[in-house]
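Chain letters run A, B, ... following the sequence lines, proteins first and then strands; every chain starts at 1. Note that these values count all heavy atoms, side chains included, but never hydrogens, waters or copies made by symmetry.
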Number of protein chains: 2
Amino acid sequence: MSITINDVAQLASVSKATVSAVLNNRPGISRSTRQRVLEICARLNYRPSRVARSLSVRETRSIGLVIKEIDNPFFSKVMKGVFDACTSRGYTVLLGSSELSPANEQRSISTLIQQRVDGLIVSPLQGEGVDFTYLYDLRRENYPLVTLGAIAHIPTNVVDIDNVEAAYTAVMHLAERHHRIACFNGPASSAHTQDRFEGYRRALEEKGLPLHHEDVVPAGSYVENGYDAGKALFSAPGPHPTAVFCYNDLVAFGLINALDELGLRTPDDVAVCGFDGVAHCDLARVPLTTVQVPAYEIGRTAALLLIRQIGDKESFLNERILLEARLVPRQSTYS
Amino acid sequence: MSITINDVAQLASVSKATVSAVLNNRPGISRSTRQRVLEICARLNYRPSRVARSLSVRETRSIGLVIKEIDNPFFSKVMKGVFDACTSRGYTVLLGSSELSPANEQRSISTLIQQRVDGLIVSPLQGEGVDFTYLYDLRRENYPLVTLGAIAHIPTNVVDIDNVEAAYTAVMHLAERHHRIACFNGPASSAHTQDRFEGYRRALEEKGLPLHHEDVVPAGSYVENGYDAGKALFSAPGPHPTAVFCYNDLVAFGLINALDELGLRTPDDVAVCGFDGVAHCDLARVPLTTVQVPAYEIGRTAALLLIRQIGDKESFLNERILLEARLVPRQSTYS
DNA sequence: CGACATAATTGAACCGGTTACATAAACAAT
DNA sequence: ATTGTTTATGTAACCGGTTCAATTATGTCG
């Protein structure tokens, strides 16, 4: 099938060992032999098999990235951060995605481990029905692992922002002008959902505002979810909230759309705050106030941390890196 | 280090061959042996090494996906299509991206081949300084390859839309009301840029409209590019175009922003048409008229085609699948 | 010129699976 | 009891690299 090291060795009339030495720039090869071998490699267009090498040296120079949603601009940026850091250091990225399903997450991780990736970056799901004993096992085996967000009871290397704090800040911002603030939560299976809700709760508490049960709605993470939740909440009878803190920007966009259709104006009738700071928040019909999360840096940092840990398995077993998120007020909360 | 088939064999007091047979559901294993082996696998939490298997059977059950921009919602959807099709068929996706640099493209492909992916999906660059002899070589070796967009002089399996036709339709739409239409081109290194421009040219020609040289500007593929190009074109002295056909939606968004800052209104002063139909075109400040490209289906179709070709290398050597794109008129071209 | 150090090269085992073939065991038929 | 047939399991080679001890070639020096 394809050219192997044996073909090269034979044509150069040297042993495989010599070819291997040449290709790995090991010393102790004569100038002439090196030249001849390289020439033949070029002529044959020889590409050493990484799978054979991986088997032998027990490292694949690849890492697995398991995100939650491929089709989410936030994760696109994370991916890019991971990708850039990895490729510049000779690592290949194998892609996994849970698409919010715990079963998929587990399957992805399992597959990647069978592929013998040198380490994993996981944006973990959490909540009901999420079994992370397998992540726990990885930890115990000292498998290089970085999670984007902490996992309850499992110490890992974490790269994230302080979601509670960021949500708190955002809601405090809304509370400057509003006294009834709703919360559109994200997927129940995401730890971020819980943290952001906690920030919301604290802000209300601090301001002495009541937490209306019916104002806390499980929305989701996509535009449609925000739209549906918005339609439901604001077409219900009775007085409505005058501001909504959304799990992410997409939900916020959907909400604004729903409000518009209901004849409610943003921000005059209802102020809306998003989260993530995906590109184009500033291009939206109503420029969106949001919490700018450094997604690219999260990805990049996670990759660097992971690679460091791959290199020295004993170090940084339990690092927790929190990057800065900042509130970017725009028109959707100011009239 | 990690558990191997030998460990399992030893504990079950059988040979590796037997363990292998059990794990691959090969017939001719006694009920009791099978059970015992499986039990021990479970107990040891044994995960067969795909790298060893790959070396042996000469297939990795993985494919490489090389896109042009990770951080571009269009490619996010393509990726998702590829990912879904692949994972449901047991293939892993290795990620590559040229980020519009031919050198990167080549490096990505080269790396993926060394990883011995079973096939490649490439969204190829094209134009000046793009050397695709290596893609040509792949073709000759009958390496499974699907490209998203044709490559000049190289017959491959192609999945794409008819860019010329789609651009033509879009520009004809603009030409219903406008007589001077600019074109914001994409990256010079993209074949799509050339095709879309060709559609633009044909539409003008058919309508008998003049093609002003200064109205054809190399913009790029990101929001900033559209913004910059817009600022430049519309702040120049003299009469301006009253419509712009943009390479993609992001450029269109940037342009609308620029126009806004220059005090020009969309669509009243300048009509704008995008391309791709990324999510949120309908959420933009000015809902964007665009050509809706079935990105997810492109990815999915490409993956299916590739996998089919991997299974039967002789078939479909030269398939050319064009999916439907359709114009979605919105406010940015209608007042 | 022989002894010895040094440089260059090779042989063989190994990584962890798969697989063709050989062998052993179980059982039926004669 | 012998042979044949079927079923279950084991042996060993192989995939394409890496690695290290052993070997051979080359060079230095007394």
Side-chain angles (χ1 to χ4, degrees), chain A residues 1-38 40-41 44-62 90 92 110-111 113-118, chain B residues 1-38 40-41 44-62 90 92 110-118 141:
Chain A
M1 161 143 294
S2 71
I3 316 273
T4 77
I5 198 174
N6 290 300
D7 302 328
V8 176
Q10 200 167 353
L11 252 100
S13 19
V14 293
S15 69
K16 317 179 354 171
T18 301
V19 177
S20 177
V22 169
L23 265 50
N24 291 57
N25 285 316
R26 264 196 291 280
I29 302 291
S30 72
R31 198 105 191 74
S32 65
T33 305
R34 156 160 281 126
Q35 180 129 2
R36 183 155 38 94
V37 168
L38 288 177
I40 293 189
C41 285
L44 295 184
N45 196 17
Y46 166 62
R47 297 164 185 288
S49 162
R50 255 180 192 279
V51 9
R53 166 171 236 280
S54 295
L55 179 58
S56 185
V57 303
R58 265 101 117 238
E59 72 165 33
T60 55
R61 290 239 132 203
S62 67
T92 304
S110 182
T111 303
I113 289 178
Q114 288 190 211
Q115 304 270 17
R116 294 293 189 267
V117 291
D118 293 339
Chain B
M1 158 144 296
S2 71
I3 317 275
T4 76
I5 198 173
N6 290 301
D7 303 329
V8 176
Q10 197 166 355
L11 252 103
S13 18
V14 292
S15 69
K16 325 185 337 179
T18 302
V19 177
S20 177
V22 169
L23 265 51
N24 292 57
N25 285 315
R26 263 197 291 280
I29 302 291
S30 71
R31 196 104 193 76
S32 64
T33 306
R34 156 161 282 125
Q35 180 128 3
R36 182 156 38 95
V37 169
L38 288 177
I40 292 190
C41 285
L44 295 185
N45 196 18
Y46 166 62
R47 297 165 186 289
S49 162
R50 254 178 192 277
V51 10
R53 166 172 235 280
S54 295
L55 179 59
S56 185
V57 303
R58 264 104 114 237
E59 70 165 34
T60 54
R61 290 241 133 201
S62 66
T92 305
S110 183
T111 303
L112 292 171
I113 288 177
Q114 288 190 210
Q115 304 269 16
R116 295 294 188 267
V117 291
D118 294 338
E141 294 169 28

Output the rounded distance in Å from [atom1] ([X]) to [atom2] ([N]).
X	N	atom1	atom2	value
B/Asn6	C/dG16	CG	P	8 Å
A/Arg34	C/dA7	CZ	C1'	13 Å
B/Arg26	D/dT9	CZ	P	14 Å
A/Glu59	C/dG16	CD	P	14 Å
B/Gln35	D/dA8	CD	P	15 Å
A/Ile29	C/dT6	CD1	C1'	15 Å
B/Arg31	D/dT7	CZ	C1'	16 Å
A/Leu55	C/dG17	CG	C1'	8 Å

TODO: Kindly say if A/Ser56 contacts the phosphate of D/dG16, meaning a side-chain N or O under 4.0 Å from OP1 or OP2.
DONE: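 No, no such contact exists.
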
- [ ] Give a yes/no answer on whether the side chain of B/Arg58 brings an N or O atom under 4.0 Å of OP1 or OP2 in D/dC15.
- [x] no

Task: Non-neighbouring partners of B/Arg61 that pass salt bridge (Lys or Arg N to Asp or Glu O under 4.0 Å), sequence neighbours left out - done: B/Glu59

Less than 3.5 Å apart, which donor and acceptor atoms pair up between the side chains of residues 3-10 of chain A and the rest of the protein, not counting sequence neighbours?
unit_1, atom_1, unit_2, atom_2, d
A/Thr4, OG1, A/Asn6, N, 3.1
A/Asp7, OD2, A/Thr4, N, 2.8

Open item on the list: Give me the atom names and distance for the closest heavy-atom approach of A/Cys41 to A/Leu23.
Closed with: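 Here A/Cys41 and A/Leu23 meet closest at SG-CD1, 3.8 Å.
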
Open item on the list: Is it the case that the base of C/dG16 and the side chain of B/Thr4 share a donor-acceptor contact (distance under 3.5 Å, atom types as modelled)?
Closed with: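 By the distance-only test, no, there is no pair.
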
Task: With sequence neighbours excluded, residues passing side chain to side chain donor-acceptor pair (under 3.5 Å) with B/Thr33 - done: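 Scan of B/Thr33 (side chain to side chain donor-acceptor pair (under 3.5 Å), adjacent residues dropped) gives B/Ser30.
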
Task: Pairs meeting criterion side-chain hydrogen bond (donor to acceptor under 3.5 Å, both in side chains) with involvement of residues 47-56 of chain A, two or more places apart - done: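 Applying side-chain hydrogen bond (donor to acceptor under 3.5 Å, both in side chains) to every pair that reaches into residues 47-56 of chain A, excluding sequence neighbours, yields A/Arg47-B/Ser110.
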
Task: For DNA chain D, the residues among residues 10-25 of chain B that have a non-hydrogen atom under 4.0 Å from it - done: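 Only B/Ser13, B/Val14, B/Ser15, B/Ala17, B/Thr18 qualify.
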
Task: Partners passing side chain to side chain contact (heavy atoms under 4.5 Å, CB included) against B/Ala17 (at least two apart in sequence or in another chain) - done: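 B/Ala17: side chain to side chain contact (heavy atoms under 4.5 Å, CB included) contacts with B/Ser15.
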
Open item on the list: Heavy atoms only, 4.0 Å cut-off, all strands: where does B/Thr33 land among base, sugar-phosphate and nothing?
Closed with: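 Counting heavy atoms under 4.0 Å across all strands, the contact made by B/Thr33 is with sugar-phosphate only.
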
Open item on the list: Nearest 0.5 angstrom please: A/Ile29 CD1 to A/Gln35 CD, how far?
Closed with: 13.5 Å

